Amino acid sequence: MGKTIAEKIFEAHTVDTQSGGISVLKLDAVFCHEITTPVAINDLVSKGKDRVFDNTKIKAVVDHVTPSKDSKTAEQAKILRDWARRHDIKDFFDIGKNGVCHAIFPENGFSRPGYTIIMGDSHTCTHGAFGAFAAGVGTTDLQVGILKGICTFKTPETIKINVTGQKQEGVYAKDIILSIIKLLTVNGATNKVIEFTGNVISQMTMEERMTVCNMAIEAGGTVGICYPDMTTVEYLWPFIKEEFKTKEDALKDYSKWISDSDATYAQVIEFDASKVVPVATVGFKPDQVETIESLKGTKVDQVYIGSCTNGRIEDLREAAAVIKGKKVNKFVRAIVSPASPKTYNMALKEGLLEIFDEAGFCVTNPTCGACLGMSNGVLANGEVCASTTNRNFAGRMGKGGMVHLMSPASAAAAAITGTITLAKEIK
Amino acid sequence: MKNFKGKVLFLDRSDINTDEIIPARYLTEVTKEALKPFLLEDLELDGFNQKSDIVENSVIITRDNFGCGSSREHAPWALEMNDINVVIAEGFARIFRQNMYNCGMLAISLKKNVIDQIFEKYSTKTTTVSVDLTKSIISIEADGKTEEIPFSISEFDKDLVKAGGWLNFADEKY
Ligand code: SF4
């Protein structure tokens, strides 16, 4: 019987099994950031277990609050920094080189087809865009990952979503994933892998696939995963060219991480992307999704373009195209946070930062503190934000604040008019 | 092993997320103790009073998909610091459930109709729950009467609870 990509990755990484269908998996990478790792480090130190399983497979970044905003966040960064030095963690990204974890780790070639990856961050599912089994975990799993290079997972069932058809103009990866989450509901993929397949996915860039996989967790999914293909190889080529003679060789090798045609699925969903229109969330759950058309005129106080969902170069291009030559509405605070130094530099060279700047956006350094209400764009009580992030939970971006999730183009349109607006109506 | 009995706090809603259990603004804390006063601070639920409802109770009974959202283990810690080591629900988000067992705590799933019945019978009464891990039985007591409800748990999850969590277990075994 055929196997799914997740089953193949499990098979190749299982070092032990436990009752209840639990596999103990060997990890290829453990990612760390300064919000969830310091507690893990402190606990390991206090228990006399301050060790790391492999200083080349652990990658760390200070990204959520950077530069530090107060003594407490300075302390968190310091704990991570000191630990990275102490254990000679080869890839540690600090101020000047840092950016949103799920943007800079892939950018540096750390996410690869067939890999097992964990991080103390629920949006680790982003790296599934590369055909990796990448999952968010809590602190204890992270500790054991750091210490032993292993993690337990229940062998997951897979939901396959076959995304086909022709995207309408002005519809982006974010609109597609929000529409899929509406269909699945916030709990619809709990304990499951979501496989994204179909012509729409295979035509997507890696950036778009990351946007899609990033939000798998918002439907409860353990992992969102795409099959590796030539797009994956092209993206990774600078990092793998010593390993393979040609791109075709790489593709051939990576093809072992594709589900068999006779694999078994918990559910197969045919999703027609031609029917998707620009959408945004309402309320406080990411499956509460309505069309931008129906929300037109909803007032916003802040616009935020950035995050691990939509802070990459294509997202900035998409937003800048809407903003170019326009001015931000005078009652709106507009913020753009390029997700990585590479994105920042590309945006600078392409003149995008100038477009944002002239429109009246505040361009911040690469960080994502606004997304979870920690820094760089926290909302006040009663304020509304049009945001390209991934979570609209009550108070997520600041106590009493509310968030409408949407694509960078839609968020850019909201910045210009001060209300939720269809990007194509910005003339 | 931790204490698995006490008075019940009923939270009658599905999809209570970890931002509601412990808001992100407290994630700058680097000790578990510091989280104690902030458990469920952002939960807005009719009849729930964060100031008075947590001190008394040691067990939570709730609906479906408890602990969805952020992976933060601060959520189980904030519960643990308030001596709440058991959550009983129709279902849990994967990461939250795993975090609970990894901390040597219990996240017990019961079928929807069982949870519905529990809410119907007990949610307005002073109710006590105790969990017998060896027999896999929950005893619910109210008005002097006790009802026993079986639940399923894997041997591995039991081992984790007995070992006081996954870190000790893994460091010894692997
Ligand atoms: S952008 Fe938001 S969701 Fe992504 S890692 Fe940062 S805080 Fe988490």
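These figures come from a predicted structure and were not determined experimentally. Residue numbers begin at 1 in each chain, while the letters A, B, ... track the order of the sequences.
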Exercise for the section: Sort out for me which of A:Val186, A:Thr36, A:Val378 touches chain B most, counting heavy-atom pairs under 4.5 Å. Expected result: A:Val186
Problem - Under 4.5 Å from a heavy atom of chain B, the part of A:Val24 involved - result: side chain
Exercise for the section: Please find out if less than 6.0 Å separates the ring center of B:Tyr122 from that of B:Phe10. Expected result: no
Exercise for the section: Pick one of side chain, backbone, both or neither for A:Thr222, based on which atoms fall under 4.5 Å of a heavy atom in chain B. Expected result: both
Exercise for the section: Measure from the ring center of B:Phe156 to the ring center of B:Tyr101 and say whether it is less than 6.0 Å. Expected result: no
Practice task
Answer yes or no: is there a donor N or O on one side and an acceptor on the other, between the side chain of B:Thr18 and the main chain of B:Ile21, under 3.5 Å?
Solution key: no
Practice task
Kindly say whether the aromatic ring centers of A:His102 and A:Phe31 come within a distance under 6.0 Å.
Solution key: no
Problem - Main-chain N/O of B:Lys145 paired to B:Asp143 side chain as donor or acceptor, under 3.5 Å - result: no
Practice task
In sequence, state the C-alpha distance, the side-chain angles, and the governing distance for B:Asp157 and B:Arg97, and then conclude on salt bridge (Lys or Arg N to Asp or Glu O under 4.0 Å).
Solution key: CA-CA 11 Å; B:Asp157 282 340; B:Arg97 187 193 169 283; 2.6 Å; yes
Practice task
Could you have a look at A:Ile217, A:Ile150, A:Leu142 and say which one has the most heavy-atom pairs with chain B under 4.5 angstrom?
Solution key: A:Ile150
Handout entry: Side chain / backbone / both / neither for B:Leu167 at chain A, heavy atoms under 4.5 Å
Key = both
Exercise for the section: Can you tell which part of A:Leu372 gets under 4.5 Å to a heavy atom of chain B, answering side chain, backbone, both or neither? Expected result: both
Handout entry: A:Ser375 portion near chain B, given a 4.5 angstrom heavy-atom threshold
Key = neither
Practice task
Pick one of side chain, backbone, both or neither for A:Asp141, based on which atoms fall under 4.5 Å of a heavy atom in chain B.
Solution key: both
Practice task
Check whether any side-chain N or O of A:Gln288 sits under 3.5 Å from a backbone N or O of A:Phe284 as a donor-acceptor pair, and report yes or no.
Solution key: yes
Handout entry: Under 4.5 Å from any heavy atom of chain B - which part of A:Ile35
Key = both
Practice task
Return the option, out of A:Leu147, A:Asn390, A:Val144, with the maximum number of heavy-atom pairs under 4.5 Å with chain B.
Solution key: A:Val144
Handout entry: Option in A:Val137, A:Thr73, A:Val65, A:Ile41 with maximal non-hydrogen atom pairs under 4.5 Å from chain B
Key = A:Val137
Exercise for the section: Check whether B:Phe92 gets within reach of chain A through its side chain, its backbone, both or neither, counting any heavy atom under 4.5 Å. Expected result: backbone
Completion exercise
Looking only at B:Pro23, B:Gly69, B:Ala170, B:Gly165, the option with the highest number of non-hydrogen pairs under 4.5 Å against chain A is B:Gly69
Exercise for the section: Please look at A:Lys285 and chain B and tell me whether the side chain, the backbone, both or neither of the residue comes under 4.5 angstrom of a heavy atom of that chain. Expected result: side chain
Exercise for the section: Between chain A and each of B:Ser70, B:Gly91, B:Ala93, count heavy-atom pairs under 4.5 Å; write down the option with the most. Expected result: B:Ser70
Exercise for the section: Answer yes or no: are there more than 12 heavy-atom neighbours, outside A:Lys154 itself, under 6.0 Å from its atom NZ? Expected result: no
Handout entry: Which of B:Glu29, B:Glu20, B:His74 touches chain A most, by non-hydrogen pairs under 4.5 Å
Key = B:Glu29
Practice task
Select one option (side chain, backbone, both, neither) describing which atoms of A:Leu44 are under 4.5 Å from chain B's heavy atoms.
Solution key: side chain
Exercise for the section: Measure distances from B:Glu155 to the heavy atoms of chain A and classify the residue's part below 4.5 Å as side chain, backbone, both or neither. Expected result: both
Problem - Check: B:Glu80 side chain, B:Asn85 main-chain N or O, donor-acceptor pair, under 3.5 Å - result: no
Exercise for the section: Sorted by first residue and then second, give each salt bridge (charged side-chain N to carboxylate O under 4.0 Å, His left out) pair with at least one member in residues 165-174 of chain B; sequence neighbours left out. Expected result: A:Asp16-B:Lys173, A:Lys49-B:Asp171, A:Arg51-B:Asp171, A:Lys148-B:Asp171
Practice task
Examine the side chains of B:Ser14 and B:Asn65 and answer whether a donor and an acceptor come within less than 3.5 Å of each other.
Solution key: no
Problem - Which atoms of A:Asp43 approach chain B - backbone, side chain, both or neither, heavy atom under 4.5 Å - result: side chain
Exercise for the section: Identify which part of A:Ile79 has an atom lying under 4.5 Å from any heavy atom of chain B, answering side chain, backbone, both or neither. Expected result: side chain
Completion exercise
Scored by heavy-atom pairs under 4.5 Å with chain B, the best of A:Gly138, A:Pro38, A:Ala135 is A:Gly138
Completion exercise
Only one of A:Asn392, A:Val403, A:Thr281 passes side-chain contact (heavy atoms from CB on, under 4.5 Å) with A:Ser387, and that residue is A:Val403
Would you tabulate the side-chain donor-acceptor contacts of residues 39-47 of chain B under 3.5 Å, counting partners in other chains and residues two or more places apart, or write 'none'?
unit_1, atom_1, unit_2, atom_2, d
B:Glu41, OE1, B:Arg25, NH2, 3.0
B:Glu41, OE1, B:Tyr26, OH, 2.6
B:Glu41, OE2, B:Tyr26, OH, 3.1
B:Asp42, OD1, A:Lys399, NZ, 3.2
B:Asp42, OD1, B:Arg25, NH2, 2.7
B:Asp42, OD2, B:Arg25, NH1, 3.3
B:Asp42, OD2, B:Arg25, NH2, 3.2

Practice task
Considering only heavy atoms and a distance below 4.5 Å, find which of B:Ser154, B:Cys103, B:Ser71, B:Ser152 pairs most often with chain A.
Solution key: B:Ser71
